[in-house]
Amino acid sequence: MSRIFSGIQPSGELHIGNYLGAVRNWVRLQHQQPTIICIVDYHAITVAYDPDQLRVRRREMALSLLAAGIDPDVATLFVQSAVQEHTELQWIFNTITPLGELERQAQFKEKSQRQESVNAGLLNYPVLQAADILLYRADLVPVGEDQVQHLELSRVVARRWNAAFARGAAYFPEPQAMLTPARRIMGLDGQAKMSKSMGNTIGLLESREEIWAKLRPAVTDPARVRRIDPGHPEVCNVYRLHEAFSDSETVKDVYQQCTTAGWGCIDCKNVLLGAMDREFVPIRRRAAELRANPARVDDALAAGAGACRLIAGETMRYVRERMGLD
Ligand code: SF4
């Protein structure tokens, strides 16, 4: 059966952007196929960071994922640095990856422009991604559009290593993208993709009151200056959130009410708050249970790392043998 691999940055508590863009999909997929979810702390250190903060954020991310519905009895959840074969395989892949291919990666160009000094880790980021995926010989990787180029590099690396060392076998599968259904959630400012660094997010574990304090002033259709002005739901981020959280009847009603000025944006946001609350109440309850029993988070991560070490060890034995490194 195909194996799925997904990575997520240890950015602390999940927000609704990464919940809708990735995690809700993983919660569904984990019951269909073997699923490995990796909190990628080696990737996180390619930019300036605080070590104490990293520890806290890594753990908060694990807790958020478990609260959101990742089930450690079904899926494998672990922290990347707990399985050191990731960096060993990355080094090996570095040796078969031309520099030019890395310099052409759109994300590298974009990120390196924002930094005065660019470290080699940032350049080699997609090689570590290739190692993350191929270490488990994963076939499928749920990704957004912006990650497709990195995944293509993983496919090229797999092909190149197989051709050079696997003696006719296709040891590493060429991983396929599972495009996450387009759910680009804009930030509450309506200006950019929802992202913690932009400060325009709603945290998954925030209380109803905290969510309302952010949702109430969130940007909507600028055409709705007065309550009597009809709006255009298709340009409104609140409508996108209704599509994600409300049932189809409610979404139809939102469209009707908005385009006929039947209600104001505050009424609309109130209905959305109710829908979000229905989904988040059980998540917040599980998060509180996990905070009261932190050993459950530790146990889930330890079991995940143990399972991953077994697969990673097997892969590296084969790789070392084929490369004369055993
Ligand atoms: S009524 Fe709802 S969908 Fe329409 S502009 Fe206001 S918040 Fe957006």
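Note that the coordinates shown come from a computational prediction; the quantities given were computed from them, not determined experimentally.
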### Query
Just how far is it from atom CG of Leu66 to atom CD1 of Ile283, taken to the nearest 0.5 Å?
12.0 Å
### Task
Only one of Cys258, Cys265, Pro233, Cys268 passes side-chain contact (heavy atoms from CB on, under 4.5 Å) with Val238; say which it is.
Cys268
### Query
So, for Ala223 and Asp229, which heavy atoms are closest and what is the spacing to 0.1 Å?
O-CB, 3.5 Å
### Task
Determine whether Met186 and Arg240 make a side-chain contact, defined as any pair of heavy atoms from C-beta on separated by less than 4.5 Å.
no
#### Entry: Which atom of Gly304 lies closest to which atom of Thr76, heavy atoms considered
O-CG2, 3.5 Å
### Query
Just wondering, do Leu273 and Ile211 contact through their side chains at under 4.5 Å, heavy atoms?
yes
### Query
In Å, rounded to the nearest 0.5 Å, how long is the span from CD of Glu152 to CZ of Arg155?
5.0 Å
### Query
Once you round to the nearest 0.5 Å, how far does CG of Asn119 lie from OH of Tyr125?
11.5 Å
#### Entry: Joint hydrophobic cluster, Leu123 plus Phe93, side-chain heavy atoms closer than 4.5 Å
yes
### Query
Looking at Pro10 and Leu54, what are the two nearest heavy atoms and their distance?
CG-CD1, 3.8 Å
### Task
First locate atom OG of Ser112, then atom CD of Gln105, and finally report the distance between them rounded to the nearest 0.5 Å.
11.5 Å
### Summary
So CH2 of Trp263 and CG of Asp253: to nearest 0.5 Å the spacing works out to 5.5 Å
### Query
Is the number of heavy atoms from other residues, nucleotides or ligands under 6.0 Å of Arg320 CZ greater than 12?
yes
### Task
Apply side chain to side chain contact (heavy atoms under 4.5 Å, CB included) to the pair Leu29 and Met178, showing each step before the final yes or no.
CA-CA 11 Å; Leu29 289 172; Met178 293 177 90; 3.7 Å; yes
### Message
If we ignore hydrogens and angles and just use 3.5 Å, is the side chain of Ser64 paired with the main-chain N or O of Leu14 as donor and acceptor?
### Response
yes
### Identified side-chain contact (heavy atoms from CB on, under 4.5 Å) counterpart of Leu272 within the set Leu241, Val254, Asp267
Leu241
### Query
Does some side-chain heavy atom of His242 sit less than 4.5 Å from a side-chain heavy atom of Tyr255?
no
### Task
Ignoring hydrogens and angles, state whether a donor on the side chain of Thr97 or Asn94 is under 3.5 Å from an acceptor on the partner side chain.
no
### Query
Under a 4.5 Å cut-off applied to non-hydrogen side-chain atoms, are Glu279 and Tyr19 in contact?
yes
### Query
Is there a donor-acceptor contact under 3.5 Å from the side chain of Arg224 to the main chain of Arg227?
yes
### Query
Is Ile70 close to Thr35 at the side-chain level, that is, under 4.5 Å between some pair of heavy atoms?
no
### Task
Answer yes or no: is there an ion pair linking Arg59 with Asp298, defined by an N-O contact shorter than 4.0 Å?
yes
### Query
Donor-acceptor pair, Ser246 side chain versus Glu243 backbone, under 3.5 Å?
no
### NZ/NE/NH1/NH2 to OD/OE distance under 4.0 Å, Asp277 and Arg284
yes
### Message
Can you tell me if Gln84 has over 12 outside heavy atoms packed within less than 6.0 Å of its CD?
### Response
no
### Task
Could you state whether Tyr171 and Phe165 fall into the same hydrophobic cluster, counting links through intermediate Ile, Leu, Val, Met, Phe, Trp or Tyr residues with side-chain heavy atoms under 4.5 angstrom apart?
yes
### Query
Under 4.5 Å between side-chain heavy atoms, hopping through other hydrophobics if needed: is there a path connecting Val127 to Ile45?
no
### Query
Do Leu77 and Ile39 touch side chain to side chain, with heavy atoms closer than 4.5 Å?
yes
## Note on the structure
dist Met276:CE -> Ile16:CD1 (nearest 0.5 Å) comes out at 4.0 Å
### Query
Any luck finding a side-chain donor-acceptor pair between Gln80 and Asp132 under 3.5 Å?
yes
### Message
Looking at Glu60 and Arg57, is there a salt bridge between them, counting it only when a charged N and a carboxylate O are closer than 4.0 Å?
### Response
no
### Query
Would Val40 and Leu128 satisfy side chain to side chain contact (heavy atoms under 4.5 Å, CB included), going step by step from the backbone distance to the final call?
CA-CA 10 Å; Val40 293; Leu128 180 55; over 6 Å; no
### Message
Main chain of Arg159, side chain of Asn162: is a donor-acceptor contact present, judged purely on distance under 3.5 Å?
### Response
no
### Task
Determine, step by step, whether Asp326 and Arg317 satisfy the side chain to side chain contact (heavy atoms under 4.5 Å, CB included) criterion, reporting the C-alpha distance in whole Å, the side-chain angles of both residues, the deciding distance to 0.1 Å, and the verdict.
CA-CA 7 Å; Asp326 54 344; Arg317 272 192 295 283; over 6 Å; no
### Query
What is the minimum heavy-atom distance between Asp221 and His232, and which atoms define it?
OD2-N, 2.7 Å
### Task
Of all the heavy-atom pairs spanning Ala131 and His86, show the shortest one and how long it is.
CB-O, 3.6 Å
### Query
Are the side chain of Arg309 and the backbone of Ala82 linked by a donor-acceptor contact shorter than 3.5 Å?
yes
### Query
Heavy atoms, side chains only, cut-off 4.5 Å: are Lys269 and Arg216 in contact?
no
### Query
Are Leu99 and Val156 connected, step by step, through hydrophobic side chains (Ile, Leu, Val, Met, Phe, Trp, Tyr) whose heavy atoms are closer than 4.5 Å?
no
### Message
Under a 3.5 Å threshold, yes or no: a donor from one side chain and an acceptor from the other, between Arg28 and Asn25?
### Response
yes
### Message
Please check this pair: side chain of Gln30 against backbone of Asp71, looking for a donor-acceptor N/O pair closer than 3.5 Å.
### Response
yes
### Message
Please check: side-chain N/O of Glu85 versus main-chain N/O of Leu135, any donor-acceptor pairing under 3.5 Å?
### Response
no
### Steps toward side chain to side chain contact (heavy atoms under 4.5 Å, CB included) verdict (Leu179, Val148)
CA-CA 9 Å; Leu179 273 181; Val148 169; 3.9 Å; yes
### Task
Answer yes or no: is there a donor N or O on one side and an acceptor on the other, between the side chain of Arg160 and the main chain of Ile96, under 3.5 Å?
yes
### Query
Would you call Asp299 and Arg296 a salt bridge, using N to O less than 4.0 angstrom?
no
### Query
Are Glu289 and Arg286 within salt-bridge range, i.e. N to O under 4.0 Å?
no
### Task
Could you tell me whether the side chain of Arg322 reaches within less than 4.5 Å of the side chain of Arg167, counting heavy atoms only?
yes
### Query
Once the angle between the rings of Phe280 and Phe245 is folded into 0 to 90°, is it parallel (under 30°), tilted (30 to 60°) or perpendicular (over 60°)?
perpendicular
### Message
For Pro98, is there any backbone N or O sitting under 3.5 Å from a side-chain donor or acceptor partner on Glu101?
### Response
no
### Task
For Asn200 and Asp189, indicate whether the former's side chain and the latter's backbone hold a donor-acceptor pair under 3.5 Å.
no
#### Entry: Single-linkage hydrophobic cluster Leu290~Leu205, side-chain heavy atoms < 4.5 angstrom
yes
#### Entry: Nearest heavy atoms of Val83 and Ala305, plus distance in Å
CG2-O, 4.0 Å
### Message
Check the orientation of Trp161 and Phe172. Use parallel for under 30°, tilted for 30 to 60°, and perpendicular for over 60°.
### Response
perpendicular
### Task
Report the residue from Pro34, Ser2, Pro173 that forms a side-chain contact (heavy atoms from CB on, under 4.5 Å) with Leu140.
Ser2
